[in-house]
Every structure is written in structure tokens, then in C-alpha cells.
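Please read the structure below before turning to the comments.
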Amino acid sequence: MHPQRKKRLHLILFLVLAVASAVGLAMYSLSQNINLFQTPTQIANGEVPPGRTIRAGGLVVEGSVERDQQGLGVTFRVTDGQSEVPVFYDGILPDLFREGQGIVALGEVNTEGLFVASEVLAKHDENYMPPEVQAALEQAHQDGKAQMEAAAKEASY
Amino acid sequence: MWQWLVRLYHRLGSPKWFYEMTERWIFWLALAAGGSAIVGLVLGLLYAPADYQQGDSFRIIYIHVPAALLAQSAYMMMAVAGAVYLIWRMKMAAWVAKVIAPVGAAFCLIALLTGAIWGKPTWGTWWVWDARLTSMLMLLFLYFGVMALQQAMESEEASYKAGAILALVGLVNIPIIKYSVEWWNTLHQPATLKLTEKPSMHPDMLWPLLIMIVSTYLFFALVVILRTRNEILWHERKRQWVRKILES
Amino acid sequence: MSLVRATVRRDLLLAARNPGEWANPLMFFLMVAALFPMAVDPNPEFLSKISGGVIWVAALLATLLSLDSLYRADVEDGSLEQWLASGESLYAMSLGKALVHWCISGLPLTLMSPLLGVMLHLPEDAYFALFISLAVGTPVLSLLGAVGAALTASLRSGGLLLTLLILPLYVPVLIFAASAVYHAGIGMAYNGQVAMLGAMLALALALTPFAAGAALKLNLSR
Amino acid sequence: MEFSSLAEFIAMGKHGFYVWLSYGLTAVIIAFVVMQPILHRRRLLKEQAQRLRREKRNAPSA
């Protein structure tokens with residue numbers, strides 16, 4: 001082979017190999033959980049050692065928000081659908097904070113398994129709709145649930 | 001088709017043709033960009049319903065999303081124009097790449113500022129070191145880097161080439177911005193508009209957004225044309241056809 | 001290829017004879033890391049939280065410090081013109097130069113990192129993550145940095161500009177590396193982050209020498 | 001129409017400050033982006049016309 005052409009072939013082989021391994025490694029990496037925040041399941045399973053500052057993300061459990069009698073302290077639970085973790089926060093909550101809403105909290109887990117947050121941020125989803133539509137959806141969802149429950153009851157009889 | 005493309009390429013490469021052609025476009029572009037902006041803003045600010053979670057603060061979307069989209073596409077256009085210059089040595093491409101940088105940086109700044117303002121009432125903070133926000137900030141710095149590098153180069157040709165090389169290397173940031181909301185699922189919500197799926201937005205809110213996006217791109221085209229015409233005037237100032245313009 | 005080999009050998013030899021070239025960034029690395037406990041908070045508990053990030057930022061700054069001179073001498077003494085005239089592939093030459101830069105900056109920093117880990121009370125679980133992330137991540141810094149160094153080689157005040165150009169490109173490396181060290185510190189898996197660093201390294205190996213080669217040609221047109 | 005009065009429109013359901021601040025900042029930046037090339041063009045044309053006149057004046061005597 002012509003030396004010039006041989007050199008070019010080597011270069012192309014090198015490039016193909018490098019790009020292929022880049023793609024492969026990136027795919028592998030994306031299949032791993034590289035989230036910068038921990039889920040309630042990870043916290044509940046004790047995967048996060050107490051006393052380390054972490055970010056925890058999840059949905060606020062409906063009906064779990066309890067405000068202190070005095071002061072700004074709030075306790076609530078966050079869930080990822082599998083496990084729940086109690087959170088304590090002393091400060092002003094953002095507007096979007098409400099039950100059922102996704103949040104990201106910065107803080108640490110204490111030895112009793114309570115997540116003490118130093119900052120609570122409300123996450124909002126990519127859905128935008130007017131309140132009436134949301135109410136209608138909610139209604140439809142609940143009706144659907146009720147129907148399903150009724151159906152389940154019937155089926156179990 | 002191919003021949004038509006080749007002809008278009010040669011025409012676009014001719015500063016004189018571009019200057020004379022765009023003379024007629026400017027008015028219509030300005031009209032279209034301004035008109036669609038008015039329609040989009042009236043629909044968005046007055047007629048779109050308030051969001052079920054965020055209330056009226058979501059109306060910032062009508063400038064935030066178009067600006068953020070444009071900041072990214074402008075960067076890609078700058079890199080492509082730079083590559084065209086590097087490969088075919090087409091002067092017009094270098095001028096276009098040069099004038100895109102400040103405009104793209106301005107839109108990147110708008111996206112960052114409005115995002116910060118939007119973040120305060122919704123998330124509860126002006127700024128988080130979330131991957132989307134950080135990578136967008138890096139895009140702004142990349143724009144500044146390209147501008148500073150072009151400024152620092154002594155010869156004009158070298159400045160175009162250097163800017164093009166940096167813009168091409170910086171392209172790696174674009175997929176990072178795009179996927180940041182999925183890779184690091186932190187505060188910034190995932191994309192509302194997707195090419196492949198139905199957008200997760202009520203039509204009354206969606207239409208103004210789409211109109212604003214179109215308006216922003218038209219505006220960008222207008223400004224880039226205006227700036228490119230200035231570059232042409234400056235570089236071709238000794239040519240006969242520019243003399244005629246100057247004498248009139 | 002022989003010219004590339006000769007240049008790499010010459011540069012390594014020069015670095016070995018002139019310890020300032022590789023020792024200064026190393027000293028800088030140590031100093032920056034030592035300043036943090038003094039300036040912020042010497043409390044071990046606090047230090048162990050920030051140590052991974054501090055070490056990575058210090059490594060990044062130390063790499064930048066030594067980049068400025070990467071091509072300057074070659075532009076000034078005419079070696080660059082020799083390479084271009086010789087018909088050797090600029091790709092190989094740029095790759096070789098970036099490799100030399102890594103040998104005198106990233107490699108010593110990586111080897112030094114456990115010492116800094118002790119100084120800054122790095123959590124014990126994180127030592128290996130820090131080491132491996134530096135070993136995979138610093139070559140990316142050298143490769144990307146070489147592009148910036150080539151772009152600014154003929155500028156008189158290129159050092160500051162180089163920083164502005166290159167730092168934004170370093171951010172993804174920093175994000176994944178710091179995340180790996182952090183996750184290791186709280187006892188979690190970090191192989192995803194290291195794999196991403198590896199992907200960046202492979203991509204940088206393949207693509208940055210082209211950009212650096214093209215940028216080198218610019219310096220002749222002055 | 002979502003708002004029944006101008007005051008309500010300005011208030012934006014207690015988010016007026018944020019909405020109008022972001023629209024205002026955007027307007028400032030956009031105005032700058034538009035005005036710069038227009039002013040630049042005006043300056044360019046003036047300077048170059050001057051140069052041309054100067055050259056014409058000097059040409060016959062040279």
C-alpha cells in the first residue's frame with residue numbers, strides 16, 4: 001500500500017474506534033442512574049449516610065403537610081411512588097409548593113431518618129393548562145378511579 | 001435541483017447580490033416580525049388563560065422559550081457559517097458568522113434573565129446550579145469567547161478562522177443543553193414542545209407561543225441581514241457599486 | 001511520524017531538564033488546595049464535603065496555567081513552520097503535543113491527588129473515585145486546552161483570553177468528575193459518571209487534534 | 001380576554017413584578033439589538049461619503 005494511503009487508513013481506523021467507544025461509553029453511562037438528586041427510596045433504604053448534604057426529589061404526599069403552631073416550621077412527606085421520607089423545613093415555601101407537587105429539597109438526613117431541609121424548591125412540570133381544564137382532568141381522573149374501584153369491588157364479590 | 005442550489009450558493013456568495021436582494025426584504029421582514037410579535041404578545045398576555053399551577057407568571061414563557069431556542073439555533077448557524085468559511089473560503093459566510101455572535105449572545109442573555117425572573121416565583125429561587133441553567137450560561141460564555149477571540153486577532157482572515165474553529169469545538173455544548181433536563185432531572189422542567197409528540201400545553205396557550213417563536217426567528221433574520229449589510233458596505237467600500245450608493 | 005516522535009521526546013526532555021515547567025503547576029495546585037481550609041473553614045467535617053470539588057477546581061486551574069506556553073515557543077522559534085513544511089500530519093503533531101502537556105500537568109496532578117485528599121479530609125470511599133476521575137478527566141482538559149493554546153499562540157496577551165475560551169468547555173468535565181467524587185463520598189455508585197468522562201476522552205482524542213491542527217495554521221498567516 | 005380591567009392586567013395575579021420585569025428587560029435588550037446596526041449603518045454611510053468627497057477633492061490636484 002502507498003504509505004500516504006496507509007497513514008490515512010490508520011487515521012480513519014483510529015477515528016472510528018474512538019467515536020465508537022465514545023458512543024458506547026455514553027450509552028452505558030446514560031443507562032446508569034447519574035441523577036444529581038436522591039430518590040425517597042434511596043433515602044429510605046439507607047443508601048445515603050446521615051449528615052451528608054444531598055438533594056432529595058419527590059412528590060409531596062397528599063394530606064401530609066403539617067405546619068408548626070408557632071414559627072415557620074413545616075413537616076411533610078415526599079414520595080417517589082415506592083417509599084416515603086419525612087421532611088422538616090423551617091422557612092418560607094415557594095408559591096408552587098403544594099400537596100401532590102414535585103419538589104427538590106437540599107438538606108441532610110438525620111439519624112432518625114428525618115430529612116432536614118435547608119432549602120425547598122418547587123419543581124413544575126412541562127404541562128401548561130388553564131385551571132378549568134385541570135379541574136376537569138382531575139374530575140375525570142377521580143371518576144375513572146371510582147369506576148375502577150367499583151369494578152374491582154364487583155370483581156372481588 | 002442541484003443546479004439551483006449551486007446557483008443559490010454563488011449568489012449568496014456575492015455581496016452585491018445579497019445587498020441588493022435584501023433591500024427589498026427588509027421592509028417585509030420587519031413587518032412580519034413586528035406584526036407577528038404584536039399578535040403573539042396580545043394573544044399571550046391578554047387572551048391566554050392563566051396556568052393551573054403558576055397563575056399568570058407563566059406568561060414569561062412567551063419570551064423565555066423563543067429566546068432560549070433562538071440562542072441555541074443561532075449558535076449552530078454561527079458554527080455552520082464558520083464551517084462554510086473554513087471549507088469554501090466564502091467571505092459572506094464569515095461575515096454572517098461574525099454578526100450572529102452578538103445577536104445570539106443577546107438572546108442567550110434574555111433567556112437567562114427571564115429564566116431567573118421566572119424561577120423566583122415558581123421554584124422559589126433566582127438561580128440554581130441546575131445543569132440546564134449552567135450549560136446555558138456556558139453558551140453565553142462561548143459567545144463571548146468567540147467575540148473576544150475575533151477581536152484579539154490581528155488579521156481579519158485569522159479572526160474569522162479562529163472564531164469558526166472555536167464555534168465548532170463549542171458545538172459539544174448544544175446536545176448537553178438539550179439533554180440536560182433529561183440527564184439530570186433537577187429543577188428545570190422537561191421540554192414542552194417536542195417534534196415527535198403532541199405538545200403538553202393547552203392550545204390557547206400554545207398558539208401564542210408558536211407565533212412568538214416564528215416572530216423571534218423572523219426578527220433574528222432581520223437583524224442578521226441588517227448587520228451583514230453593514231459588513232458588506234464596509235468591506236466593499238472601494239467598489240464601484242458601493243460608491244454609487246454613497247454618492248446618491 | 002518520526003518528527004512527531006522527536007518533538008514529543010524533545011519536549012519531555014526539555015520539561016525534565018527545566019523542572020519549573022511541570023513543578024510550578026503542581027505547586028500552584030497544592031497552594032490553591034491549601035488556601036481553602038485557611039480561607040473558608042478548617043473544620044474537617046466541612047472540608048470533607050467540599051474536598052472533591054476543591055481538588056477538581058484546583059486541578060483545572062493548574063492545567064490552565066501551564067497551557068499558555070504549550071505552542072508559544074514553537075511559534076516563536078519557527079518549529080511550527082518546519083512541521084507544516086515537513087508534510088507530517090498535523091493531527092499526529094497536535095495529539096503528541098497534548099499528550100506531552102498531560103504528562104507534565106495532568107499526570108503529576110493525578111499522582112498527587114491522594115496527598116491533597118488527606119490534607120482536605122476527603123471521605124475515604126472517595127479516594128479511588130478522585131484518582132480515576134482525574135486520570136480520565138485531565139487528558140480531556142489537556143486535549144481541549146491544546147485547541148485554545150493553538151488559537152491564541154501568536155497573541156501577545158493570549159493567557160487571559162485562553163482562559164475565557166477554554167473554561168466553558170471544561171464545565172462538562174467538571175460536572176461529571178465532581179459528581180463522581182461526590183457520589184463515591186456518600187457511598188454510592190459512580191461508574192456512570194466515570195463512563196461519561198471516558199466517552200468525553202474518546203471523543204476529544206478523535207476530534208480535538210483536528211481543531212488544534214487547523215488553529216495552528218492560523219499562526220502562520222500573521 | 002382574561003383580564004377585566006387594566007389594573008388587573010398590570011397586577012398579573014400578584015406576579016406583575018416578575019412578568020413586567022422580564023418583559024421590560026427583554027424590550028431593552030431587543031431595542032439595543034435593533035438600534036445598533038441602524039446607527040452603525042448611518043455612521044458608516046456618513047463616514048464613507050465624507051471619504052469619497054475628500055478623495056474627489058484631492059484627486060484633480062494630485
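Proteins come first, then strands; the chains are lettered A, B, ... in the order of their sequence lines, and each starts at number 1.
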(request) For the pair B:Lys98 and B:Glu156, find out whether any cationic side-chain nitrogen is under 4.0 Å from an anionic carboxylate oxygen. (result)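 Looking at B:Glu156 together with B:Lys98, the answer is no, because their closest N to O distance does not fall below 4.0 Å.
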
Chain D heavy atoms under 4.5 Å from [X]: which part of the residue, side chain, backbone, both or neither?
X: B:Leu222; value: neither
X: B:Ala116; value: neither
X: B:Phe58; value: neither
X: B:Arg229; value: side chain

(request) Measure the CG-CG distance between B:Leu113 and B:Leu109 for me, rounded to the nearest 0.5 Å. (result)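 Those atoms lie 4.5 Å apart.
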
Could you look at [X] and say if it's the side chain, the backbone, both or neither that has a heavy atom under 4.5 Å from chain B?
X: D:Leu21; value: both
X: D:Phe9; value: side chain
X: D:Leu45; value: both
X: D:Arg51; value: side chain

(message) Can you tell me if B:Trp126 has over 12 outside heavy atoms packed within less than 6.0 Å of its CH2?
(response)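 Result for CH2/B:Trp126: enclosed.
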
(request) State whether the number of non-hydrogen atoms from other residues, nucleotides or ligands found under 6.0 Å of B:Gln151 atom CD is greater than 12. (result)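 Result for CD/B:Gln151: open.
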
(request) Examine B:Arg237 relative to B:Trp234 and say whether NZ or CZ is less than 6.0 Å from the centre of the six-membered ring and inside a 45° cone about the ring axis. (result)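 Yes, cation above the ring, under 6.0 Å and within 45°.
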
(request) Could you verify whether a donor N or O on one side chain and an acceptor N or O on the other, from B:Tyr160 and B:Trp95, lie under 3.5 Å apart? (result)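 Result is yes, a qualifying pair exists.
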
(request) Using distance alone, with no hydrogens and no angle criterion, decide if D:Gln36 and B:Arg227 have a side-chain donor and acceptor under 3.5 Å apart. (result)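 Yes.
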
(request) Please determine, among B:Leu226, B:Thr114, B:Ile60, the option with the most heavy-atom pairs under 4.5 Å with chain D. (result)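 Ranked by heavy-atom pairs under 4.5 Å with chain D, first place is B:Ile60.
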
(request) Look at D:Val34, D:Val33, D:Val28 and state which one has the largest set of heavy-atom pairs under 4.5 Å with chain B. (result)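 Maximum pair count with chain B is reached by D:Val33.
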
